[in-house]
**Student:** 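Can you read through this structure? Questions will come right after.
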Amino acid sequence: MSFFEDLNLPQNLLALRSQNNKTTVIEIGGVEIGKNDFIVMAGPCAVESLDSILCIASKVKECGAKILRGGAFKPRTSPYSFQGLGKKALEFLKIASKKYNLPVVTEVLAVDEIDLAIYYADMLQVGSRNMQNFPLLKALGKVKKPILLKRGLSATIMEWLYAAEYILKSGNPHVILCERGIRTFETFTRNTLDLSAVAVIKEISHLPIIVDPSHATGHYQLVPAMAKAAFASGADGLMLEVHESPHMALSDGKESLNFTHFAKLMRDLERMRALRV
Ligand code: PEP
Ligand code: MN
């Protein structure tokens, strides 16, 4: 009996693997995720200015990233922290996207941001804090663009898959999962990266899964090792925070790679890709 059969999973969930053993391939503005490739999405935590996003987009493109990330609406723990530039950030993302031919992923926090965001972005992100925002998930089920669903800070894998199920059942089959660390007793890292979740998802779900080692670790020094571990775990890609001057970043500078570190990581991943079985 396989691990999968042993689990007594609910029957007929759209998010689970059935007889069809293949990972679903999802297209984001011409880039496919879920094939035997390893796609890197990279960019700043938050879009800070047009100059900054153009500079970052140019660098991540040059280094081989396929998708540009950048927050416009930011879910900040403190209401006094930088909340994102909103619509302006979406406009800047679109300019960078066109200039460097990079599809864009950005987060929506609320149902009333969806229409605006789909006009500018190629994929919408549900952040960790919103993983169980059921009205948002249902509304994203009506959207014609792919959804990147981050794992909740304290969500079990099954709760995460049920969150995906809300989107799928509401009519949008294009869901990509993102493991971004979960909250544990450990305090050295911002979260604890649960790479076993990648192996579990690969076993029980057909949805592609990527890993975000930036939010998972909270420290740029730890990101390359966890990015490479994510590759080895069988994930379909990565989401990385990159900033031209991390110490000046308006959010998450500590976990953001500078250009030198990002370029080195991308070279290392390229060498690992050549070995992928
Ligand atoms: C993000 O990716 O910008 C973000 C806020 O991440 P998370 O929801 O995983 O904390
Ligand atoms: Mn961030």
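The basis for the numbers below is simple: all heavy atoms, side chains too, and nothing from hydrogens, waters or symmetry mates. Counting starts at 1 for both ligands and their atoms, following the listed order.
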**Student:** What atom name does the N, O or S atom of Asp252 nearest to the Mn ion (ligand 2) carry?
**Tutor:** OD2
**Student:** For Tyr166, which residues count as a side-chain contact (heavy atoms from CB on, under 4.5 Å) partner, sequence neighbours excluded?
**Tutor:** Phe134, Leu137, Lys138
**Student:** Test His215 against every option in Glu179, Glu255, Arg180 by the side chain to side chain donor-acceptor pair (under 3.5 Å) rule and name the one that passes.
**Tutor:** Glu255
**Student:** Can you sort out the partners of Ser205 under side chain to side chain donor-acceptor pair (under 3.5 Å), two or more places apart, ordered by chain and number?
**Tutor:** none
**Student:** Excluding sequence neighbours, so at least two apart, what forms side-chain contact (heavy atoms from CB on, under 4.5 Å) with Leu109?
**Tutor:** Phe73, Pro75, Glu107, Glu113, Asn130
**Student:** Do any N/O/S atoms of Glu255 come under 2.8 Å of the Mn ion (ligand 2)?
**Tutor:** no
**Student:** Any sub-3.5 Å donor-acceptor pair from Trp160's side-chain atoms to Leu149's backbone N or O?
**Tutor:** yes
**Student:** Do Lys74 side-chain atoms and Cys45 backbone N/O form a donor-acceptor pair below 3.5 Å?
**Tutor:** yes
**Student:** Kindly print each ligand 1 N/O atom paired with any protein N/O atom under 3.5 angstrom away, one pair per line, or none if nothing qualifies.
**Tutor:**
residue: ligand 1; atom: 2 (O); partner: Arg69; partner atom: NH1; Å: 2.7
residue: ligand 1; atom: 2 (O); partner: Gln125; partner atom: NE2; Å: 2.9
residue: ligand 1; atom: 2 (O); partner: Lys150; partner atom: NZ; Å: 2.8
residue: ligand 1; atom: 3 (O); partner: Arg69; partner atom: NH1; Å: 3.4
residue: ligand 1; atom: 3 (O); partner: Arg69; partner atom: NH2; Å: 2.9
residue: ligand 1; atom: 3 (O); partner: Lys74; partner atom: NZ; Å: 2.8
residue: ligand 1; atom: 6 (O); partner: Lys150; partner atom: NZ; Å: 2.9
residue: ligand 1; atom: 8 (O); partner: Ser128; partner atom: N; Å: 2.7
residue: ligand 1; atom: 9 (O); partner: Lys150; partner atom: NZ; Å: 2.9
residue: ligand 1; atom: 9 (O); partner: Arg180; partner atom: NE; Å: 2.6
residue: ligand 1; atom: 10 (O); partner: Arg129; partner atom: NH1; Å: 2.9
residue: ligand 1; atom: 10 (O); partner: Arg180; partner atom: NH2; Å: 2.9

**Student:** Asn172 side chain to Leu140 main-chain N or O, any donor-acceptor pair under 3.5 Å?
**Tutor:** yes
**Student:** Write the atom name of the N, O or S atom in Glu241 that is nearest the Mn ion (ligand 2).
**Tutor:** OE2
